[in-house]
Amino acid sequence: MIAATKLDTRYVGKHVMVLGAAGFIGRWVALKLSDAGVRAALVVRRASAARSVFKQYGVEGDIVEQDLRDSEGVRRLLRETRPVVVFNLAGYGVDPSEKSPDMARDINVRLVQDIARGIAETQAADAVIIHVGTAQEYGAARGNLEETTPAQPTTLYGRTKLAGTAALKQECQTLGLRGVTARLFTVYGPGEHDGRLLPSLCEAARTGSSLNLTAGQQQRDFTYVEDVADGLMRLGQSDVAHGEIVNLATGVLTPVKMFVTAATRALKIPQDVLHFGAVPTRADEMSHESVSVEQLRSRLAWVPPTTIEDGIRRTLDFYLSHQTTES
C-alpha cells in the first residue's frame, strides 16, 4: 500500500471521479485516492475485469460501468455523482492495434467535451478537470518541448489527443471551468501492457528467451507511473486555469538503450539474449530534445523524483510481492 501524503488527504470528503480507472495509470490514481481514504467513483468499461485489477492493487471505491461513447450517459453520470475533481485517463489509440478513427474521435475528443458540459450542468463552482494528454501531440516538433511549442502530431492518437486538448481549453473558457491537460511522456512501471519495453524485458528474464530490439538510440523522458499519479493528484489541488497545458515529465532524457541496460542489471538478463538493431526504428518515432518542466515546477514546486534505477527496482518489488501474495 502507498502511504497517503499530506496533499492526498486534501481529497478526503470530496466527490472525486476517475475515468479509465482500471487502466495502467488510472489504477494508480485510484490507489492513491483509496489510500488517502477517498471513496472515488471509478468509471470503467467492464466492471468484472476492473474488480480483479482493483483487488490486486488494493483499491477500494465505487465501481461504475459506463460506455464512454454514450454522451448522455456520461453527462447523466456526472450530474448524479457531482464530482468536484474529475481525472480523465480514458484514451484510445496508444495501443498500435487501436486504429478506428471513429473510436479515437469519440474517446479522445468528444468525451472531453461531454465531461466539461456534464460538469457545467452540476454547477459546481470549484470543480476541476484533470485531463491526460500525450507527448504524441507534439509529434514531429523539434527542439526543447515547451507547452507553447507548435504541435505537429503524426499519428491518429496524437492528432485526436491534440484535438481533445483544444476541446478542453475551448469548453473551459466558454463554460468558465477550471481544467488542465497533463501531457505525459514515456511512462513505465507496474501495470504496463504486455509488449511494451519493460514488460518485454521482464518476460525475457522469466523465460530466458532472446529479445529483438531497435538500436535504442531514441531519447525518452522515462517517468515512473506512481510519480505520474502523484503529479496528477497535485495538479488536482492546484490553482489551474481554463484549459492550460502542463508537461508532466522528469525533464531528463535517457537513451532507450541505457534504460534497457539498467533493466538488464536489475533483472540479471545475459547480454547475449538482447539483439539491439534487430528491429528497425519506426518512421513515426518521435525525435526531440529535452522536455521543459518549468511550468510543472513553477505550479507545483515539484517534479517527478524517481530515478530509472529506483523505478525499475520498485516495479520488480511490486511484482515479486504480488506473486508471493497470490501464490
Side-chain angles (χ1 to χ4, degrees), residues 17-20 23 25-26 68-72 74-75 78 83 85-95 98-121 127-185 187 221 228 231-232 235-236 238-249 284 286 288 291-296 298-299:
M17 179 178 288
V18 184
L19 290 89
I25 299 168
L68 297 182
R69 300 183 76 186
D70 175 4
S71 293
E72 180 50 40
V74 170
R75 291 169 68 170
L78 287 161
V85 184
V86 176
F87 294 96
N88 179 30
L89 293 118
Y92 177 90
V94 66
D95 185 331
E98 297 176 334
K99 298 180 180 180
S100 166
D102 289 342
M103 282 287 290
R105 183 174 56 252
D106 288 349
I107 299 300
N108 297 342
V109 187
R110 195 177 69 186
L111 174 62
V112 179
Q113 298 170 322
D114 292 338
I115 293 168
R117 293 169 189 177
I119 286 293
E121 289 165 4
V128 60
I129 301 166
I130 309 300
H131 170 65
V132 167
T134 173
Q136 290 192 38
E137 294 176 52
Y138 289 114
R142 296 292 182 264
N144 296 323
L145 295 186
E146 301 179 347
E147 290 83 355
T148 55
T149 298
Q152 302 176 46
T154 60
T155 63
L156 172 66
Y157 183 59
R159 288 191 296 272
T160 52
K161 289 295 283 186
L162 179 62
T165 295
L168 179 66
K169 183 174 183 178
Q170 179 63 50
E171 295 293 335
C172 283
Q173 290 178 340
T174 300
L175 300 170
L177 301 174
R178 294 191 302 130
V180 60
T181 293
R183 280 186 176 153
L184 310 185
F185 287 75
V187 185
D221 193 312
V228 171
L232 295 172
L235 284 170
S238 68
D239 186 22
V240 301
H242 301 311
E244 64 179 308
I245 303 166
V246 176
N247 290 333
L248 177 43
D284 61 357
M286 286 186 66
H288 59 82
V291 179
S292 172
V293 294
E294 290 312 304
Q295 177 108 332
L296 182 72
S298 172
R299 179 159 296 290

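Basis for what follows: all heavy atoms, side chains included, without hydrogens, waters or symmetry-related copies.
At distances below 3.5 Å, not a single donor-acceptor pair connects side-chain atoms of Y138 with backbone N or O atoms of G158. A donor-acceptor contact shorter than 3.5 Å links the side chain of H242 to the backbone of L177. Side chain of S298 to backbone of Q295: no donor-acceptor contact under 3.5 angstrom is found. Side-chain atoms of N247 come within 3.5 Å of backbone atoms of L145 as a donor-acceptor pair (strictly under, hydrogens ignored). Listed for the E171 side chain is no donor-acceptor partner under 3.5 Å among the backbone atoms of L168. Without hydrogens or angle criteria, T160 side chain to L156 main chain gives a donor-acceptor distance under 3.5 Å.
The closest side-chain heavy-atom distance from T181 to V246 is not below 4.5 Å. The closest side-chain heavy-atom distance from I130 to V180 is below 4.5 Å.
Heavy atoms only, all atoms of each residue included: L232 and A182 are closest at CD2-CB, 3.7 Å. Taking each heavy atom of A135 and F185 in turn, the nearest pair found is CB-CD2, 3.3 Å. Annotation for A116 and L175: closest pair O-CD1, 3.8 Å, computed over non-hydrogen atoms. In terms of heavy-atom proximity, C172 sits nearest to R178 at SG-C, 4.1 Å. The minimum heavy-atom distance linking G26 with V18 is given by the pair O-CG1, 4.2 Å. Shortest non-hydrogen contact noted between E137 and R183 is OE1-NH2, 2.8 Å.
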Notebook entry, point to check: Does the pair Q113 and Q170 meet the rule for a side chain to side chain contact (heavy atoms under 4.5 Å, CB included), with working shown?
Noted result: CA-CA 9 Å; Q113 298 170 322; Q170 179 63 50; over 6 Å; no

**OP:** Using the salt bridge (charged side-chain N to carboxylate O under 4.0 Å, His left out) rule, take E244 and R299 through it: C-alpha gap first, then chi angles, then the decisive distance, then the call.
**Re:** CA-CA 12 Å; E244 64 179 308; R299 179 159 296 290; 3.2 Å; yes

* To do: Report the C-alpha distance between Q152 and R142 in whole Å, list the side-chain angles of each, state the deciding distance to 0.1 Å, and finish with yes or no for side chain to side chain contact (heavy atoms under 4.5 Å, CB included).
  => CA-CA 9 Å; Q152 302 176 46; R142 296 292 182 264; over 6 Å; no

Does the pair Q136 and K161 meet the rule for a side chain to side chain contact (heavy atoms under 4.5 Å, CB included), with working shown? CA-CA 8 Å; Q136 290 192 38; K161 289 295 283 186; over 6 Å; no

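Checking V74, L68, D70, I119 one by one against D114, the side-chain contact (heavy atoms from CB on, under 4.5 Å) holds for a single residue, V74. Checked options L89, L111, V132; the residue passing with L19 is L111 (criterion: side-chain contact (heavy atoms from CB on, under 4.5 Å)).
The CD1 atom of I115 lies 12.5 Å from the CZ atom of F87; values are rounded to the nearest 0.5 Å. Distance check, rounded to the nearest 0.5 Å: CG of L162 to CD1 of I245 gives 7.5 Å.
Donor-acceptor pairing under 3.5 Å is lacking for the side chains of D102 and Y92. S292 and N144 are not linked by any side-chain donor-acceptor pair at a separation below 3.5 angstrom, with hydrogens and angles left out of the test.
Considering only residues two or more places apart in sequence or on other chains, E98 meets the side-chain hydrogen bond (donor to acceptor under 3.5 Å, both in side chains) condition with none of them.
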